Trainee: 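To start, I am sharing the structure in question, which I have written as structure tokens.
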Amino acid sequence: MKLRRSMMFIPGDNAGMLSNSYIYKPDSVMFDLEDAVSLTEKDSARLLVFNTLKANLYTGIETVVRINGVETPFWEQDLDMAVRGGVEVIRLPKTENVSEVREIEKKLEIIEKNCGRNVGETKIIAAIESAIGVVNSVAIAACTPRMVAIALAGFDYLVDMQTSRSSGSEPELFYARAAVLHAARAAKIDAFDVAYGDVNDEEGFLREVKIAKNLGFNGKSLIHPRQIELLHKAYAPPKEAVDHAEKVIQAAKDAREKGLGVVSLDGKMIDPPVIHEAERVLLLAQNS
């Protein structure tokens, strides 16, 4: 089980951030070669990200590279660099259909074979950024074993929907959040909620984190290091949940040691999903 509460964006052309952002301890770090990098800096950003990946600075932190979209002339070079650099996950921007994922998947296999990595080792996160992407999210989420998560990107989606972000409960994002989250759960992968753009508005950020957490998102995409600790604390389970989870895990352990096929706690049967949830709660508690 892997925690994916926080995915922090780092511009691929920002050498300073690339060299030290591991100190903030996000669960995942995303080196961005797409929107954060101007057309004139694509080549230099690619080289900077490659050197960062090879330096192994981000031990214990999942490494992700957001490549440029398949409609651009940059994506194949991005992909080749990232895989050869040892990246764990490719984030595919503006994913709208399964064919885009298939194209990436075929290229990944070729590069993995050419550079000696195991075929299938490089995973994929699909970013859903449009109405058609939301509509197709079920098929996208389930189209390949490489897919470990899907992420909703709010800005482009809302532009496509001809609206903008409001405050409070943000009804304009409700359908997309629900659709993307259900697609992820049906495919048994993780789901990232949208990034929150105002880094100085902690109250608004925490309000949105609460919405994402209550809906069931594993975490959020982040644009600033100061959001990481706030997010991790918000996702920390309450003490009573931790206490119950410890009892569940102990009951499961006792049952295994006694060779019992049924796990029970306080006279009630405990099924595997309850045990899995208890493991998740303890993992969150240990890393909060």
Side-chain angles (χ1 to χ4, degrees), residues 2 4 7-15 18-19 21-22 26-129 133 136 139-151 153 187 189-190 192 221:
K2 185 170 185 60
R4 290 193 175 95
M7 177 180 289
M8 189 172 75
F9 285 34
I10 299 178
D13 59 353
N14 190 320
L18 289 170
S19 66
S21 289
Y22 60 88
D27 293 329
S28 305
V29 63
M30 191 199 77
F31 305 129
D32 188 10
L33 298 175
E34 194 214 12
D35 287 347
V37 179
S38 67
L39 292 177
T40 59
E41 298 298 322
K42 296 292 186 184
D43 290 340
S44 59
R46 196 178 296 118
L47 181 59
L48 280 171
V49 171
F50 178 79
N51 289 333
T52 301
L53 289 168
K54 296 300 285 186
N56 292 320
L57 300 172
Y58 289 83
T59 303
I61 298 172
E62 183 176 56
T63 54
V64 183
V65 168
R66 177 162 76 169
I67 63 171
N68 288 275
V70 295
E71 76 285 355
T72 74
F74 308 111
W75 72 272
E76 291 186 81
Q77 293 179 74
D78 294 345
L79 204 61
D80 187 78
M81 173 281 297
V83 176
R84 292 181 185 278
V87 77
E88 294 175 78
V89 185
I90 296 295
R91 178 157 164 157
L92 178 60
K94 301 176 177 63
T95 312
E96 295 193 333
N97 55 65
V98 169
S99 64
E100 295 167 349
V101 181
R102 295 279 187 236
E103 191 169 3
I104 295 294
E105 191 175 27
K106 286 189 290 185
K107 187 67 174 177
L108 279 174
E109 183 172 344
I110 293 170
I111 301 169
E112 286 170 337
K113 288 179 178 177
N114 288 342
C115 69
R117 293 185 64 176
N118 295 326
V119 172
E121 180 181 347
T122 314
K123 305 305 181 183
I124 298 173
I125 291 174
I128 307 299
E129 308 185 33
N136 289 335
I140 291 168
C143 71
T144 171
R146 291 183 187 264
M147 193 74 68
V148 294
I150 52 177
I189 62 175
D190 290 341
F192 285 98
S221 300

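Atom set for the values below is all heavy atoms of this structure, side chains included, hydrogens, waters and symmetry mates excluded. Bear in mind that the values here come from a model prediction, so they are computed numbers and not experimental data.
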Trainee: When you measure from the side chain of T95 to the backbone of L92, do you find a donor-acceptor pair of N or O atoms at a distance under 3.5 Å?
Mentor: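 Answer holds: yes.
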
Trainee: Do the charged groups of R4 and D27 touch, with an N to O distance under 4.0 Å?
Mentor: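 No, R4 and D27 are not salt-bridged.
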
Trainee: With sequence neighbours excluded, give me every ring pair (Phe, Tyr, Trp, His ring centres under 6.0 Å) pair touching residues 42-63.
Mentor: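 Residue pairs with at least one partner in residues 42-63: Y22-Y58, F31-Y58.
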
Trainee: Any side-chain heavy-atom pair from I124 and V89 closer than 4.5 angstrom?
Mentor: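 They are not in contact (no side-chain heavy atoms under 4.5 Å apart), so the answer is no.
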
Trainee: I10 versus D32: any side-chain heavy-atom pair under 4.5 Å?
Mentor: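 The answer is no, as the side chains (C-beta and beyond) never meet within the 4.5 Å cut-off.
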
Trainee: I need the K106 NZ to I111 CD1 distance, nearest 0.5 Å.
Mentor: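 Rounded to the nearest 0.5 Å, the NZ-CD1 separation comes to 13.5 Å.
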
Trainee: To the nearest 0.5 Å, tell me how far M147 CE sits from I90 CD1.
Mentor: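 Output value for this atom pair is 12.0 Å.
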
Trainee: Which heavy atom in A126 sits nearest to a heavy atom in I140, and how many Å separate them?
Mentor: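 Heavy-atom minimum between the residues: CB-CG2, 3.7 Å.
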
Trainee: Compare all side-chain heavy atoms of V29 with those of E62 and state whether any distance is below 4.5 angstrom.
Mentor: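 SC-SC contact between V29 and E62 ruled out.
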
Trainee: Using a 3.5 Å distance criterion without hydrogens, assess whether the side chain of E109 forms a donor-acceptor pair with backbone atoms of E105.
Mentor: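 The answer is no, because no donor-acceptor pair under 3.5 Å joins these two groups.
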
Trainee: How long is the gap from OG1 on T144 to CD1 on I189, to the nearest 0.5 Å?
Mentor: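 Between T144 OG1 and I189 CD1, I get 10.0 Å after rounding to 0.5 Å.
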
Trainee: Nearest 0.5 Å, please: how far is CZ in R84 from CZ in R117?
Mentor: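 These two atoms lie 11.0 Å from each other.
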
Trainee: E41 and S44: side-chain donor and acceptor closer than 3.5 Å?
Mentor: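 A donor-acceptor contact under 3.5 Å links the two side chains.
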
Trainee: Where is the tightest heavy-atom contact between A187 and A141, given as atom of each residue plus distance?
Mentor: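 In terms of heavy atoms, the two residues are closest at CB-O, 3.5 Å.
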
Trainee: Nearest 0.5 angstrom please: L79 CG to F74 CZ, how far?
Mentor: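 Here the interatomic distance stands at 15.0 Å.
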
Trainee: Do S28 and R91 have a side chain donor and acceptor closer than 3.5 Å?
Mentor: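 Not at all, the side chains of S28 and R91 share no donor-acceptor pair under 3.5 Å.
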
Trainee: Thinking salt bridges, do K107 and E76 make one under a 4.0 Å N-O criterion?
Mentor: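 Yes, K107 and E76 are salt-bridged.
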
Trainee: Does K42 offer a backbone N or O that forms a donor-acceptor pair with the side chain of D13 under 3.5 Å?
Mentor: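 No; judged by distance alone, with no hydrogens or angles, the pair does not exist.
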
Trainee: Can you find a pair of side-chain heavy atoms, one from R146 and one from L108, that are under 4.5 Å apart?
Mentor: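 Yes, at least one pair of side-chain atoms sits under 4.5 Å.
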
Trainee: For P26 versus S21, what's the shortest heavy-atom pair and its separation?
Mentor: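 Between these two residues, the closest heavy atoms are CD-O, 4.0 Å.
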
Trainee: For a 4.5 angstrom cut-off between non-hydrogen side-chain atoms, does I125 reach I150?
Mentor: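 No, side chains not in contact.
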
Trainee: Would you say the side-chain atoms of E34 pair up with the backbone N or O of I67, donor to acceptor, closer than 3.5 Å?
Mentor: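 Flag not set: sc E34 to bb I67 has no pair under 3.5 Å.
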
Trainee: Tell me which one of D35, V70, I128 satisfies side-chain contact (heavy atoms from CB on, under 4.5 Å) with K94.
Mentor: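 The residue from D35, V70, I128 that satisfies side-chain contact (heavy atoms from CB on, under 4.5 Å) with K94 turns out to be D35.
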
Trainee: Can you see which heavy atom on V98 is nearest to which on C143, and at what distance?
Mentor: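 Closest heavy-atom pair between V98 and C143: CG1-CB, 3.8 Å.
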
Trainee: Do N68 and D78 have side-chain N/O donor and acceptor atoms under 3.5 Å apart?
Mentor: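 Looking only at side-chain atoms, D78 and N68 do form a donor-acceptor pair, the distance falling under 3.5 Å.
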
Trainee: Please, which pairs that meet ring pair (Phe, Tyr, Trp, His ring centres under 6.0 Å) have at least one residue in residues 85-126, sequence neighbours excluded?
Mentor: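 Listed by first then second residue: nothing to list.
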
Trainee: Can you name the closest pair of heavy atoms from E129 and A153 and give their distance?
Mentor: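 Closest approach of E129 to A153: CG-CB, 3.3 Å.
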
Trainee: Please check if the side chain of E112 supplies one atom and the backbone of G120 the other of a donor-acceptor pair under 3.5 Å.
Mentor: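 Here the side-chain-to-backbone pair exists.
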
Trainee: Got L53 and M81 here, is their nearest side-chain heavy-atom distance under 4.5 Å?
Mentor: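 Contact flag for L53/M81 side chains = yes.
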
Trainee: Among L18, L33, V37, N14, find the residue that satisfies the side-chain contact (heavy atoms from CB on, under 4.5 Å) test when tested with L48.
Mentor: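 Result for side-chain contact (heavy atoms from CB on, under 4.5 Å) with L48: L18.
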
Trainee: Is there a side-chain contact between S221 and M30 (heavy atoms, below 4.5 Å)?
Mentor: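 Side chain of S221 against side chain of M30, heavy atoms only: no contact under 4.5 Å found.
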
Trainee: Do other residues, nucleotides or ligands put more than 12 heavy atoms under 6.0 Å from K113 NZ?
Mentor: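 Counting other residues, nucleotides and ligands, NZ of K113 stays at 12 neighbours or fewer.
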
